[in-house]
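One structure is given below, encoded as structure tokens.
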Amino acid sequence: MNSSYIICIGTNLENHPGIKVGGQNINNLRYADDTVLIAENKEDLQKLLNIVEEESREKGLELNSKKTEMMVISRRQESPKCDMFINEVKLKQTEKFKYLGTIISNDGKTNREILARTAQAKINFQK
């Protein structure tokens with residue numbers, strides 16, 4: 001994917017709700033062709049997803065709903081269910097994913113990341 005398209009699509013997200021971090025509104029993270037959309041609620045997230053889908057389509061690109069996943073980060077014991085759609089195709093809801101080599105989990109904790117890094121260090125040490 002052309003990086004100028006990604007920048008253009010991301011720019012169109014700037015004035016839409018996200019989460020506040022250090023007084024700044026953050027609604028997306030982008031690296032190469034990987035994008036994470038961030039919102040405080042389902043409605044705002046679906047709006048962001050719709051903008052990305054529409055802007056991509058206008059540039060001749062298509063979001064792959066089979067490769068696109070969504071996750072709700074919550075402190076609740078059981079993660080809330082949340083249905084998100086691309087062109088009426090329901091996205092898979094996941095409990096964890098890897099972004100730029102780091103495991104992000106739906107409970108917001110780092111236990112899985114610490115275990116994964118410890119296991120990798122053990123493998124490397126044994127070599």
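None of the values given here were measured: they were computed from a predicted structure.
- Distance check: Ile123 CD1 to Thr118 OG1 gives 11.0 Å after rounding to the nearest 0.5 Å.
- Put simply, Leu91 and Phe97 are part of two different groups of oily side chains (I, L, V, M, F, W, Y) that touch within less than 4.5 Å, one to the next.
- Rounding to the nearest 0.5 angstrom, the gap separating the NZ atom in Lys90 from the CE atom in Met84 is 11.0 Å.
- Asn25 has its side chain within reach of Lys20: a pair of non-hydrogen atoms, C-beta onward, lies under 4.5 Å apart.
- Counting all heavy atoms, side chain and backbone alike, Gln46 lies closest to Asp83 at OE1-O, 4.4 Å.
- You'll find the side chain of His16 reaches within 4.5 Å of the side chain of Ile51, heavy atoms only.
- Between Tyr99 and Val36, the closest side-chain pair of non-hydrogen atoms falls below 4.5 Å.
- Rounded to the nearest 0.5 angstrom, Asn27 CG and Asp44 CG are separated by 9.5 Å.
- Under the 4.5 Å side-chain criterion, counting only non-hydrogen atoms from C-beta, Thr102 is in contact with Ile104.
- More than 12 heavy-atom neighbours from other residues, nucleotides or ligands sit within 6.0 angstrom of CG on Asn124.
- With 3.5 Å as the limit, one finds no donor-acceptor pair spanning the side chains of Glu54 and Asn50.
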Kindly determine whether Arg57 and Glu53 satisfy salt bridge (charged side-chain N to carboxylate O under 4.0 Å, His left out), including the steps that lead there. CA-CA 6 Å; Arg57 191 172 8 91; Glu53 190 281 322; 3.0 Å; yes

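- In this structure, the separation between CG on Leu49 and OG1 on Thr68 is 7.5 Å, given to the nearest 0.5 Å.
- Using a 4.5 Å cut-off on side-chain heavy atoms (C-beta onward), Thr35 and Val52 make no contact.
- The line from CD of Gln120 to CG of Leu115 is 13.0 Å long, rounded to the nearest 0.5 Å.
- When every heavy atom of Pro17 is checked against every heavy atom of Leu48, the shortest pair comes out as O-CD1, 3.9 Å.
- Following chains of ILVMFWY side-chain contacts shorter than 4.5 Å, one can reach Leu29 starting from Leu100, so the two form part of one hydrophobic cluster.
- At a threshold of 4.5 Å between side-chain heavy atoms, the hydrophobic network of Ile, Leu, Val, Met, Phe, Trp and Tyr places Ile73 and Ile26 in one connected group.
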Could you walk me through whether Gln93 and Lys81 pass the side-chain contact (heavy atoms from CB on, under 4.5 Å) test, one step at a time? CA-CA 8 Å; Gln93 185 170 346; Lys81 299 295 178 211; 4.2 Å; yes

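- Cluster annotation: Val21 is connected to Met71 through the hydrophobic network of ILVMFWY side chains, with a link wherever side-chain heavy atoms come within less than 4.5 Å.
- Checking side-chain atoms of Asn87 against main-chain N and O of Val89 turns up no donor-acceptor pair under 3.5 Å.
- Using a 4.5 Å heavy-atom cutoff, the side chains of Cys82 and Met70 are in contact.
- With rounding to the nearest 0.5 angstrom, the CD1 atom of Ile86 is 9.0 Å from the OG atom of Ser56.
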Please test Leu13 against Leu37 for side-chain contact (heavy atoms from CB on, under 4.5 Å), starting from the C-alpha separation and ending with a verdict. CA-CA 10 Å; Leu13 296 173; Leu37 299 177; 3.9 Å; yes

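- Salt bridge annotation for Glu55-Lys59: present, with a cationic side-chain nitrogen under 4.0 angstrom from a carboxylate oxygen.
- Closest approach of Leu45 and Ala39 over heavy atoms only: N-CB, 3.5 Å.
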